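Heads up: the structure comes next, in structure tokens.
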Number of protein chains: 2
Amino acid sequence: MTSTADAPRSPGRPRSIRADEAIIEATLDLLAEGSTIEALSIEAIATRAGVGKATIYRRWAGKDALLLDALRRLKGVLAQPAGHSVRDDLVLLVGAIGKNVDPRAAKIMPCLAPAVNRSADQFQLYQSIISPRRQLMREVLRRGIDEGVLRADIDVEVTMALLTGPMLIQRVLQWNPDLDEQALPERVVDAVLEGIRAR
Amino acid sequence: MTSTADAPRSPGRPRSIRADEAIIEATLDLLAEGSTIEALSIEAIATRAGVGKATIYRRWAGKDALLLDALRRLKGVLAQPAGHSVRDDLVLLVGAIGKNVDPRAAKIMPCLAPAVNRSADQFQLYQSIISPRRQLMREVLRRGIDEGVLRADIDVEVTMALLTGPMLIQRVLQWNPDLDEQALPERVVDAVLEGIRAR
DNA sequence: GCGTTACGAGTCTGACCCGTATCGTATTTC
DNA sequence: GAAATACGATACGGGTCAGACTCGTAACGC
């Protein structure tokens, strides 16, 4: 966060926290309403937030810096696996993919896909969001191996991609409109657990 | 295709096919070079193609129509499974995901993710590109079931998502930078075939 | 050669935007 | 109350772009 730093004392009028909030919220709202990242203008954000442009520039160097702060808000909280059944924990984690506390996140996430590949900053932000989630899943898988529920010779990283991929392409890319998104987490986890080869 | 329609005869000078080509190529080149869809301007395309702006507007109603035509060029050819081993055919199809004949496609595809969710036209285009590929995989899976190689009770659609998802998130979203993209198709197919549960 | 249409290049108007500066006002410390 | 800093609003110069238009030229059928 650039604004509202830990200023020890200030002579004049302090920065408005309400303005901080309003700017961030306006940014996320506009994104969720369909604006793409680059179509987003400081002027539109200022108007939407009921704020002068100068108030934004006083806090952030430009659109990129503002976006980085705004998107950080979408991280949300991590799902907490119960720790009893490996299968149930995986269903929980897989079901949480792309499902954020902030409903706007679902609509904003697809917009990040292009940005992630072009801006190192945004790539880092993106990774910082998903890597703790990956870690959570990794721990569940390792636990499953330790408990003997999962085979010991599986590639944990590949398995995570296996579990995450289907949910992500469905939620973010609408890969197959006919797929039942509701039931998908369970079905994915069970299919990955059991395999599809006849035996 | 909007331009170079099947005009029976025309009094004056015919439209230049070279201009058609140049405009489409310039569009794809600019996209592949990192321009995002909306940052792409008709002016830039015209300049790059060595063409007047009017020549573009004479053929297409606007940027969207041009883009639709340009992106159709990226469809590429479908991978042809050999039809011997179900496992090998799946590896081939999974390996072909996100790998297009046109090397520009790989860089352009991530940009489509946001557009797909906002424009009905682009969503349709996107679906028209991937649905034949899905069909191909569907047939291989059905064949596997018929031959008794795959279990008869699997959900074919979910299985396709299972196979496609990991490749797609890796190639398009760079989901996990540490994952070996080269070996991924084989690993994904084998993991899905065998399952990860200990037995 | 004549009418017709396309061509590349360029111009023009009206938007929209960025980032800065400047208003008059409000809120804080000393 | 004075100095300092914030506020929303607005104006500014500089920039890009969409689309429609205008050139003089080129290619076609008749």
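In the text below, chain A, chain B and the rest are named by the order of the sequence lines, each starting its count at 1. Keep in mind that this is a model prediction, so the values were computed, not measured.
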> Please give, in whole Å, the distance from D:dT16 P to B:I42 CD1?
Replying inline: 17 Å
>> Tell me the interatomic distance from B:Y57, atom OH, to D:dC17, atom P, rounded to whole angstroms.
In response: 11 Å
>> Among residues at least two apart in sequence or on other chains, which ones pass side-chain contact (heavy atoms from CB on, under 4.5 Å) with A:Q182?
In response: A:D180
> Starting at the 5' end of DNA chain D, which residue's closest nucleotide do you reach first, B:S41 or B:G12?
Replying inline: B:S41
>> Among residues at least two apart in sequence or on other chains, which ones pass side-chain contact (heavy atoms from CB on, under 4.5 Å) with A:D29?
In response: A:E33, A:R48, A:R104
> What's the NZ-P distance between B:K63 and D:dC17, to the nearest Å?
Replying inline: 9 Å
>> Rounded to whole Å, how long is the line connecting atom CD1 of A:I56 with atom P of C:dC17?
In response: 13 Å
> Would you say the side chains of B:Q170 and B:Q174 form a donor-acceptor pair under 3.5 Å?
Replying inline: no
> Applying salt bridge (Lys or Arg N to Asp or Glu O under 4.0 Å), which residue pairs with at least one partner in residues 120-131 of chain B are found, sequence neighbours left out?
Replying inline: none
> Expressed in angstrom and rounded to an integer, what is the separation of B:L66 atom CG from D:dG19 atom P?
Replying inline: 12 Å
>> Under the rule for salt bridge (Lys or Arg N to Asp or Glu O under 4.0 Å), what residues qualify as partners of A:D153, not counting sequence neighbours?
In response: A:R151
>> Rounded to whole Å, how long is the line connecting atom CZ of B:R48 with atom P of C:dG8?
In response: 16 Å
Contacts under 3.5 angstrom, residues 157-168 of chain B side chains, donor-acceptor by atom type, not counting sequence neighbours:
from, atom 1, to, atom 2, distance (Å)
B:E157, OE1, A:N176, ND2, 3.2
B:E157, OE1, B:R138, NH2, 3.2
B:E157, OE2, B:R138, NE, 2.8
B:T159, OG1, B:D155, O, 2.8
B:T164, OG1, B:M160, O, 2.7

> In whole angstroms, how far is the P atom of D:dA18 from the CD1 atom of B:I45?
Replying inline: 8 Å
Which atoms of nucleotides 7-14 of chain D (N or O only) lie under 3.5 Å from a protein N or O atom, and what are those distances?
from, atom 1, to, atom 2, distance (Å)
D:dC7, OP1, A:S16, N, 3.4
D:dC7, OP1, A:R59, NH1, 2.9
D:dC7, OP1, A:R59, NH2, 2.6
D:dC7, OP2, A:R58, NH1, 2.1
D:dC7, OP2, A:R59, NH1, 3.3
D:dG8, OP2, A:T55, OG1, 2.4

>> What is the separation between atom CZ on B:R18 and atom P on C:dA6, rounded to the nearest whole Å?
In response: 18 Å
